[in-house]
Amino acid sequence: MSGQYLTSDLQALKERVDFLEETNQHYVTLLDIVAACSDFPSGVAELQGSELIVQTAFAQMKRLIPFEALAIYMIDDDSEFNLSWCDPPDSKERVVREVNAAISSGTFSWALNQNHPIVNPASEAEGTLILHVLATHSRIRGMCVGLLAGSHAGLEMSTLSALSIVTTYTAFAIENASLYEMLRDHMHNLEQKVQQRTTELEAARIQAESATKAKSDFLATMSHEIRTPMNGIIGMAELLAGTILGTEQQRYVSNITVSANNLLEIINDILDFSKIEAGRMELASYPFNLREILEASLLPLRLKAEASGVALQIRVAETCPAIISGDGSKFRQILINLVGNAVKFTRHGSITITCTLSEEATEPLMLRCDISDTGIGMSTEVCQRIFQPFTQADSSTSRSFGGTGLGLAITQKLTDIMGGHISVVSRPDVGSTFTVMLPFVTVPEGTTVDPPLVQNMKSSPSLRALSILLADDIEINQELARIFLEKAGHTVTVASNGREALNLFMAHHFDFVFMDMQMPEMDGLQATQEIRAAERSRGGHVPIVAMTANALESDRIKCQEAGMDGFIPKPISSASLQDVMLRLAGTPNETMYLNEPPYPPPEPAPPVFDRAGLIERLGGRDELLPKFISMFIANCAGPLQRLRTAAESGVYDDVHHLAHTIKGSAANIGAPRIKNRAMIIDEMAKNNELQDFPRQLLRLESAFEQFRNCVQKEGLPPE
């Protein structure tokens, strides 16, 4: 019996030893796996990315548990889970089905909030699904998914703990790999990143001005569209005034001219809105007759008010001097805006403009103008915001009376710039009183001034008959300019676009060219550049003058850079045409008549390659030229190709960064022509305006080819 017990004890002891050895081997394996996982962070550089990290992690997981399939779902920037890795690849559909089932049952969400494996039966028969969140200290990065055959609900806790360790190490390793890749990219492209950061800082600086510039550009565009019909109205009125008219007809034409000129003044001041916002508004100071400017400026509004049965009265205190000095144009605009509003919103009663002197100051004197009406009035809340841009009393006012809501905003800004103050007192259904306080300087008695809104038409010396090429795509503009010029004795040939103008210029002789800026097929700037290129080959220089509805100073500069000799903003007049032709095509005596210098010649185009400047930046080491030029050409080729794709996709930031990179590289290498072309595209992208991008890209690509050809001719071919 004792032998049987001994045998039984020995057998039990042997089984216990086998169990302990098996358990010991199991834990040795677990420790080996954990030790292998601890090498993930230190081996990130050697692994070179997340792909090999995941492969290594999958291998360690399969040493722990006999998975049939392993997968990792990663979270993208939109917080969506996407299947990123699957092993084996043909298990993808099965993994997706199981994960979708886990999402539907809520198991997937539950696993996201646990820091240990979640073991559940799979949706398919005789299978097990294991989920473990991939999380670091910073955030959840994804989900690890494992599929097993059969039921494995009894997996040992040590095995699951080891799996948790492997999964956690994997999450940290993937995060470290991602950070390492980012660091490597930053180190590899350090200069580009610095330039990008500089650009971002610059963008942040001008971000507050972007909305203002957008409004300014909109106003400039609208001004161009308004100036085109205004050109016809004012020009045809001038032609009509030159015919035989009766007294009543002359009065009608005179009123048309006065109203049109007042409207033109408004358009010009709307353009000034952008200058005001940018702080570039300039004031002019000259003497003017206070009473005459009031009568002349408000005449059309008086007629409009009286036609509606509203009396308009102007009262100027006797203490106000007859002649004062200041910016009469801005003063006129303020009056027109305020009185125009009064006429618009007054259906019955009267409008009174009262001018007095403030007793608070003597010099400069403070002129007070009160514009009172018996119109619809405003509430206190509306009065507090009425001077904000694009603001009206309410939507019903907009429907009933129209308007842009810019008039009072411009009025306040003009008043502030002139050093004055504006306020309003109003009651609904009673009326409003706007009070403007403006400083002016007294003028000695006996000072004479020109009557307001009257153009001084001095007799001009005769100009020889010229053969003139006129390019404009608007029929009424063509007709108006042709009549003006032919009445002066010139011969006129009309072109409807820049391409036609270029062809006519190449086929015939002309003494003078008037060129619109915006035309189909080829604009006036392109046509001018082509004409100047032809003249450089065959000699000669024919004066070219822009005749355009683009009235900004930047438009004048563009015309000058294209090679034009002069600039006439529309609406045109016979006097403005005669004046510019005398300056540019008259005899020496006739040119001297103007008592002012002619337009300056256009600045020459920048060089294709500034070799001397580059050598200086290289410390005089000209042997480095081939290396740096080769690097520049290689580094610019890619951004040039990506520019078009970025523009077609409407990714303005990418266009901006690419153009800015080319601009900076071109400046460093001594390629000013490339730099200027890239700078234009850069500014277009920053302003979200890529309408002209195809043409500008062609010009940039052309400048790049010119640079490549130039350096090759100088014996500096890219390496």
Side-chain angles (χ1 to χ4, degrees), residues 26-27 29-41 44 47 50-76 79-89 91-92 94-124 127-178:
H26 173 68
Y27 280 105
T29 302
L30 293 182
L31 289 173
D32 179 57
I33 293 173
V34 171
C37 293
S38 66
D39 292 334
F40 281 4
V44 167
L47 292 174
S50 304
E51 182 70 30
L52 290 179
I53 291 176
V54 171
Q55 292 178 9
T56 305
F58 281 175
Q60 300 298 337
M61 291 177 187
K62 288 181 179 180
R63 289 180 62 191
L64 283 170
I65 301 172
F67 287 106
E68 287 188 321
L70 281 168
I72 287 181
Y73 278 73
M74 298 297 293
I75 299 178
D76 60 21
S79 299
E80 297 288 338
F81 282 87
N82 297 301
L83 180 58
S84 303
W85 293 281
C86 185
D87 182 36
S91 302
K92 180 178 179 181
R94 180 184 174 193
V95 169
V96 171
R97 287 197 303 271
E98 291 296 337
V99 169
N100 288 340
I103 292 174
S104 300
S105 65
T107 305
F108 195 91
S109 299
W110 168 257
L112 287 175
N113 296 309
Q114 308 303 313
N115 59 358
H116 59 80
I118 302 299
V119 183
N120 273 347
S123 62
E124 298 179 353
T128 300
L129 172 67
I130 297 180
L131 300 175
H132 196 300
V133 64
L134 285 171
T136 64
H137 297 309
S138 59
R139 64 187 179 94
I140 294 176
R141 304 194 67 87
M143 179 72 76
C144 182
V145 181
L147 295 177
L148 293 145
S151 175
H152 290 269
L155 285 172
E156 294 186 12
M157 287 300 299
S158 60
T159 301
L160 294 178
S161 297
L163 177 63
S164 182
I165 293 173
V166 173
T167 307
T168 301
Y169 270 116
T170 302
F172 277 98
I174 292 175
E175 182 175 76
N176 291 341
S178 175

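Note that the numbering runs from 1 along the sequence shown for the chain.
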For Trp85 and Gln55, test the side chains for any donor-to-acceptor distance below 3.5 angstrom and give the result as yes or no.
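Distance-only check fails for Trp85 and Gln55.
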
Polar contact flag, side-chain donor to acceptor under 3.5 angstrom, Glu175-Ser138:
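The criterion, which ignores hydrogens and geometry beyond distance, is satisfied for Ser138 and Glu175.
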
Shortest non-hydrogen separation from [X] to [Y] and the atoms involved:
X: Ala149; Y: Glu68; result: CB-OE2, 3.3 Å
X: Arg94; Y: Leu148; result: NH2-O, 4.3 Å
X: Val95; Y: Cys86; result: CG2-SG, 4.1 Å

Straight-line distance of [X] [atom1] to [Y] [atom2], nearest 0.5 Å:
X: Ile130; Y: Asn120; atom1: CD1; atom2: CG; result: 10.0 Å
X: Thr168; Y: Asn115; atom1: OG1; atom2: CG; result: 8.0 Å
X: Ile118; Y: Thr107; atom1: CD1; atom2: OG1; result: 8.5 Å
X: Phe81; Y: Met143; atom1: CZ; atom2: CE; result: 6.0 Å
X: Leu147; Y: Ile65; atom1: CG; atom2: CD1; result: 12.0 Å

Is the shortest heavy-atom distance from the side chain of [X] to the side chain of [Y] under 4.5 Å?
X: Phe67; Y: Leu163; result: yes
X: His116; Y: Ser161; result: no
X: Met74; Y: Ile174; result: yes

Apply side chain to side chain contact (heavy atoms under 4.5 Å, CB included) to Thr136 and Arg141, showing your working.
CA-CA 7 Å; Thr136 64; Arg141 304 194 67 87; 4.0 Å; yes

Please identify which of these residues, Val54, Thr167, Leu83, Asp87, meets the side-chain contact (heavy atoms from CB on, under 4.5 Å) condition with Ile72.
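The residue from Val54, Thr167, Leu83, Asp87 that satisfies side-chain contact (heavy atoms from CB on, under 4.5 Å) with Ile72 turns out to be Val54.
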
From Val96, Leu131, Leu134, residue fulfilling side-chain contact (heavy atoms from CB on, under 4.5 Å) relative to Tyr73:
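Testing each of Val96, Leu131, Leu134 against Tyr73, the sole residue satisfying side-chain contact (heavy atoms from CB on, under 4.5 Å) is Val96.
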
Measure from the side-chain N and O atoms of [X] to the backbone N and O of [Y], and report whether any donor-acceptor pair falls under 3.5 Å.
X: Ser84; Y: Asn82; answer: yes
X: Glu98; Y: Ser123; answer: yes
X: Thr128; Y: Gly150; answer: yes
X: Ser164; Y: Leu160; answer: no

Evaluate the criterion side chain to side chain contact (heavy atoms under 4.5 Å, CB included) for residue pair His137 and Phe172; output intermediate values, then yes/no.
CA-CA 9 Å; His137 297 309; Phe172 277 98; 3.6 Å; yes

